[in-house]
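A short write-up of the structure that comes next.
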Amino acid sequence: MQYAEILVDVANRRLDQIFHYRVPQLLTLKVGMRVIVPLGHRQVQGIVLRRADVLPEEAKEHVLKDVLAVVDDALAIPEDLLNLALWMAERTLCPIAQSLHTVWPLMKGKVEEWVVPLASKEDEDVQTLKFLDPEVYKGFTVLFRAKQKALPLSVFLKRSGFSQGKMDELLNQGWLRIESRFTSGIPAGARKQPPGETQLLEAKLITEGWKLTPEQAEACQGIEKALDGKAYQTILLHGVTGSGKTEVYREVITKVIAQGGTAILLVPEISLTSQVAYYFQKQFGHQVIVMHSGLKSGEKVKAWQEILKGQVKLVIGARSAVFAPLTNLRLIILDEEHEGAYKQDENPKYHARDVARKRMEQHQGVVVLGSATPSLEAYAAAQTGQIGFTKMEHRVADRPLPPVEIVDMREELMKGNRSMFSVALQSKIRSRLETQEQSMIFLNRRGYSTFVNCRECGYVVRCPDCDVALTYHSNGQVMRCHYCNHEEVPPHVCPECGSRYIRFFGQGTQRVEEELQGLFPKSRILRLDWDTTRAPENYNRILSTFRKQEADILVGTQMLAKGLDFPNVTLVGVIAADQLLNMPDFRAKERAFQLLTQVAGRTGRSNKPGEVVFQTYSPKDRAIVLASQHDYLHFFWEEIKYRKDRRYPPFTHVIRVILLHEKEDRVIKAAHSLTEFLRLGILNNEGGYNDLVILGPAPAVLARLKNKFRWQVLVKGKRLEPLRAFLHQGVQKYAQDSSSQGVQLNIEVDPLSMG
DNA sequence: AGCACGCCGACT
DNA sequence: GTCGGCGTGCTC
């Protein structure tokens, strides 16, 4: 008898284990194949992990069932990607099923009970039912109306209104039959559609740079040497804004492809893929494919199939493209490596950097991390020699980095200027309008005002489902929750004390736009933020309008900071540089420095020199001062010392578990139970986890979100692997306990922010 | 996760 | 009396 080890496709921690099944003679199973297996009282998808001739001891106590079928026409997961999925589940502490779906999106599908009629519409018996039992006849009509002349049981019950009793009656009388059917989640004919035309519009025009600068040439040599080494390596490419990192990428990718290899180029945002793709398609044509989560499922499947056919040599995309099933993969590049978007904020909460490293370890290839402002983790790793390092300190054509003026807004206030714009910034904008050059104004907060508040009693309007203040939006004149999108009309009188002194406080991009328009009535202003780019085509439309110089000023949130290149922009203004610093988070300074440096880097990118203004209430702050001097090195050493003194990452690792439920008592009980299991783990001390600290349980920073209460438990430790293994054990035990029933678990390894 | 079983209130 | 609400337990 043949046996198979199966991973079942059910996203639940209790089922995160190997299940054993017997393999009937008729079926030939291979590792990575999709199969249908019985599980409890239903049938589910599964993946063949291994075949075995002998059953392990622990499996013998079960009565084994048979594998029912192989999912036909489905491709088996390549073994390297199967291993990658297992590794990722372990690494991010998420259920294996979720990890599998992320690595192998072709796995969509489920087994369902379907109701099938046992007579046709024209049957006399059915026709007589019309009079004898109109209710049953109605059931038939519901089925006959359906496209496939049959319906999933749950849908049928809803549409017909039949109860379980009525259902049994019909089944017994032989009118209907129930059968299990497998529905593939992949649309039958994956639609044929080349990458959208709009994607090509917003392309960067390349007029220069075909000859490498000496720094670029040196960076290329370093990477190429690593590629020739045929062993895994990561290299950090630290190049100031405008130093031409893309050129380096192009050069090394060309080399990889020439040698018969393939590569992946990751960019932080979907919106940036089209710019970059255009640049590379000019050289590599159809060997390039764009991939990201914004593709419709049909397009995604098509892209996947194209890659599997072996025609594709280069995949360009956002985070999820790191899983592209290329063969002969030699190189993965992460552009703007420091960007938070590389970490997925739903399960599996992976960081593309880690996945890239794992894949290149599997294939003895090279990872390149490119940035002007590397993450502290990456730069520290380069300093200690764990990863390679190469740098580019000069912009192309020896253009200078733009001078930055720091304006103290307290002084502005003392001088009687109560507007959002300092005198200096106003006059610089005015002169740009006169010379027909362009400006970018940055404020990292969308909406009009950040909270609505009663001056009499201090009441602040909050979201009913989340623990946050609502933001007022001037378009539509509503208050909106930035976490769950709940909307409300602002009150005229205070709901608490009845006072009419309701005022709007704090500033967002809508307010910036409005006030600018007031100051410069003739100027043409565009806004780039989450609200104006809700429809995906708007992003490119706004940018191409700005590029064609049909607008003078572009106001926006951090979307402005990412990789944009407009030759005519000679002024960048940051409205409130401090606001970035005041986040309750040890990474706030790092993020502020990165964002300020990146925004400043958007100007002076052509032969016209650029200028930058940082407005702030804390002009002495080190992140602000050092960003104004474009001094990454000093910032790194100051910040790394602070992290070391306070024992923050990268010197320690943190795993955060958030527990969620609608009922507060259930969460509290579960959180305590989990903490108990973890403390027991330390007491038993089998893995030698003596440097671990458990903090909590305590209400999470956002104690309520989307109508769910949130409690958290933090575990800190010096080394990541033992910490992860410790949590895995603890969570596994907790998941078997009844207190965990129904309470959602949200686990994050090394979270980027504590909010 | 889903599905069954078992125990309670409230209705044709 | 039965229908259906949800706590509890189980899945090779």
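Only a predicted model underlies this, so the values are computations on that prediction, with no experimental measurement involved.
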Regarding the side chain of A:Leu15, the nearest nucleotide among C:dG7, B:dC3, C:dT11 is C:dT11

Counting side-chain heavy atoms from CB outward, which of C:dC12, B:dA1, B:dC3 is closest to A:His41?
B:dC3

Which of these, A:Gln98, A:His101, A:Lys110, sits in a side chain to side chain donor-acceptor pair (under 3.5 Å) with A:Asp9?
A:His101

Sugar-phosphate, base or nothing in reach of [X], heavy atoms under 4.0 Å:
X	value
A:Ala11	sugar-phosphate
A:Pro38	sugar-phosphate
A:Val8	nothing
A:Glu5	nothing

Whole-Å distance separating the [atom1] atom of [X] from the [atom2] atom of [N]:
X	N	atom1	atom2	answer
A:Leu68	C:dC12	CG	C1'	12 Å
A:Leu39	B:dA4	CG	P	13 Å
A:Lys110	B:dG2	NZ	P	8 Å
A:Gln17	C:dC12	CD	C1'	8 Å
A:His62	C:dT11	NE2	P	6 Å
A:Gln43	C:dC12	CD	C1'	15 Å
A:Arg14	C:dG9	CZ	P	9 Å
A:Asp16	C:dC10	CG	P	19 Å

Check ion pair [X]-[Y] (N to O, under 4.0 angstrom):
X	Y	result
A:Glu377	A:Arg587	yes
A:Glu748	A:Arg656	yes
A:Glu179	A:Arg181	yes

Is the shortest side-chain N/O distance from A:Lys663 to OP1 or OP2 of C:dG7 below 4.0 Å?
yes

Ignoring hydrogens and geometry beyond distance, is the side chain of A:Arg42 in donor-acceptor contact with the base of B:dA1 at under 3.5 Å?
yes

Flag for A:Gln2-A:Arg22: side-chain donor and acceptor within less than 3.5 Å
no

